[in-house]
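Encoded as structure tokens, the structure appears first; notes follow it.
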Amino acid sequence: MMKQNQSTITFLLLPLLLILAISTEVEGANKLFVFGDSYVDTGNFLNSGSYKPPSGVTYPGTPAGRFSDGRVLTDYIASFLKIDPPTPFSLKNSSNFQNGINFAYGGTGFFKTLVDGPNVSVQISSFEQQIQQNAYSKSDLEASLVLVNSGANDYTTFALKNMSFLEIQKFTESLVKEVSVNLRRIQSLGAGKIIVTLLQPIGCLPTISVADGFLSCIDLLNLVSTNHNKLILQNVDDLNKEIGKPVFKTLDLYNSFLTTIQTMQKSRAENPSLMNPLEPCCAKDSAGFNCGKVDDKGEKRYSLCEKPELSFFWDNVHPSQNGWNSVYTQLESSLGQLI
């Protein structure tokens with residue numbers, strides 16, 4: 001009799017369990033669409049250092065289009081979603097797009113930068129074209145996650161062209177306005193969940209902190225990031241109020257970078273044999289040569305740290321796989337709330 005009752009209860013509960021399973025699947029993101037720069041590019045910049053040694057030395061063991069020794073932010077977000085990383089758009093003729101598409105292109109920004117590649121606006125146009133070709137349904141877009149990471153290259157281009165930071169506030173306002181225009185456009189195409197990253201602490205990048213001998217981040221330049229992020233947060237809040245629902249969320253790269261760096265610095269103070277998190281693992285060995293560069297004779301003109309797995313920065317601007325993994329660890333709990 002007991003067995004019969006259990007069977008009856010199981011039979012009655014089965015439809016409810018199926019409904020719950022389906023609801024859970026709809027609530028999650030089953031595809032990932034990525035826009036931005038080298039922090040999230042997984043293979044679009046075909047003729048770049050990301051496809052040359054020593055890139056990819058940690059993962060997958062050979063150059064594979066990532067600006068790092070291994071995995072980058074996109075890989076970790078995809079892992080969180082329990083899907084494979086979305087296919088780079090540049091490889092569209094040889095792969096399928098069942099997990100989404102990565103449109104991000106290293107060196108680009110919201111405006112025109114020093115790299116002749118598709119900026120975020122052009123990347124969105126490619127996305128729109130895919131939608132017009134019925135590559136994705138309305139339900140696909142509503143259930144998917146969009147990741148947008150860009151801005152640092154815009155500041156680099158501004159600094160090199162202006163040679164002055166006197167107009168930086170005006171530029172920040174124009175840049176954040178352009179960010180909002182692009183976010184609105186993505187949402188208008190049907191995306192239901194859009195995450196835009198906050199700008200990393202640019203004063204901590206090795207190309208900047210070298211001015212202090214990699215001893216500390218340059219606080220004055222970190223103010224550029226904090227001012228940028230303050231405006232991004234305000235604009236995201238305004239966009240959500242405008243459309244009446246929380247479609248737009250932010251991912252805090254700024255504090256996750258700082259927390260990780262400070263933790264590694266503290267560990268190094270206790271154990272000096274550990275690597276300085278502000279120093280790049282892959283570094284130039286003379287003027288005019290950067291990570292991955294070789295001279296006319298094919299000789300390497302860069303040096304590698306002994307243990308990339310202990311570094312935070314891979315090169316002058318990009319985190320290593322260990323760096324991204326540490327940042328992701330900081331972000332993981334908030335990702336669950338965001339998605």
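Values below: every heavy atom of this structure, side chains too, minus hydrogens, waters and symmetry copies.
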Out of curiosity, [X] [atom1] to [Y] [atom2], how far, rounded to the nearest 0.5 Å?
| X | Y | atom1 | atom2 | result |
| --- | --- | --- | --- | --- |
| T113 | D154 | OG1 | CG | 7.0 Å |
| N229 | Q200 | CG | CD | 9.0 Å |
| N119 | S125 | CG | OG | 8.5 Å |
| I77 | L73 | CD1 | CG | 4.5 Å |
| I83 | N99 | CD1 | CG | 5.0 Å |

Might you point out which heavy atoms bring [X] and [Y] nearest each other, and give the distance in Å?
| X | Y | value |
| --- | --- | --- |
| D69 | P308 | OD2-CB, 3.7 Å |
| H228 | L199 | CD2-CB, 3.7 Å |
| V247 | G192 | CG1-O, 3.6 Å |
| P277 | R268 | CD-CD, 4.5 Å |
| G100 | P86 | C-CB, 3.6 Å |
| Q321 | R71 | OE1-N, 2.9 Å |

Is there side-chain contact between P54 and C291, with at least one heavy-atom pair below 4.5 Å?
yes
What I'd like to find out is whether the side chain of N322 reaches to under 4.5 Å of the side chain of M275, using heavy atoms alone.
no
Sorted by chain and residue number, the side-chain contact (heavy atoms from CB on, under 4.5 Å) partners of N271 (sequence neighbours excluded) come out as S273, L274
For Q132, what residues pass the side-chain contact (heavy atoms from CB on, under 4.5 Å) criterion, not counting sequence neighbours?
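Partners of Q132 under the side-chain contact (heavy atoms from CB on, under 4.5 Å) test: E128.
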Quick one: side chain to side chain donor-acceptor pair (under 3.5 Å) pairs with a partner in residues 253-267, sequence neighbours left out?
D252-N255
Could you see if F67 belongs to whatever hydrophobic cluster contains V40? Use Ile, Leu, Val, Met, Phe, Trp, Tyr and a side-chain cutoff under 4.5 Å.
no
Examine F110 and Y105 and state if one hydrophobic cluster contains both, with Ile, Leu, Val, Met, Phe, Trp and Tyr joined whenever side-chain heavy atoms are less than 4.5 Å apart.
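F110 does not cluster with Y105.
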Residue from I194, N102, I195 passing side chain to side chain contact (heavy atoms under 4.5 Å, CB included) with L147
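Of I194, N102, I195, side chain to side chain contact (heavy atoms under 4.5 Å, CB included) with L147 is met by I195 alone.
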When F313 is tested against each of P206, S209, C282, S320 for side chain to side chain contact (heavy atoms under 4.5 Å, CB included), which residue passes?
P206
Aromatic plane relationship, F33 with F127 - under 30° parallel, 30 to 60° tilted, over 60° perpendicular:
tilted
Parallel, tilted or perpendicular: which one describes the rings of F89 and F103, with boundaries at 30° and 60°?
tilted
When you take the SG atom of each Cys, C305 and C281, is the space between them under 2.5 Å?
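Yes - the two cysteines, C305 and C281, have SG atoms within less than 2.5 Å of each other.
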Would T42 and T74 satisfy side-chain hydrogen bond (donor to acceptor under 3.5 Å, both in side chains), going step by step from the backbone distance to the final call?
CA-CA 7 Å; T42 54; T74 300; 5.6 Å; no
Compute the centroid of each ring, for F312 and then for F257, and state whether the two points are separated by less than 6.0 Å.
yes
Should S38 and D41 be marked as a side-chain hydrogen bond (donor to acceptor under 3.5 Å, both in side chains) after you check the CA-CA gap, both sets of side-chain angles, and the distance that decides it?
CA-CA 5 Å; S38 55; D41 185 356; over 6 Å; no
Might you work through the side-chain hydrogen bond (donor to acceptor under 3.5 Å, both in side chains) test for N149 and T197, ending with a clear yes or no?
CA-CA 5 Å; N149 179 93; T197 61; 2.6 Å; yes
With side-chain hydrogen bond (donor to acceptor under 3.5 Å, both in side chains) as the criterion, how do S68 and Y59 come out once you've worked through the C-alpha distance, each side chain's angles and the decisive distance to 0.1 Å?
CA-CA 9 Å; S68 183; Y59 172 85; over 6 Å; no
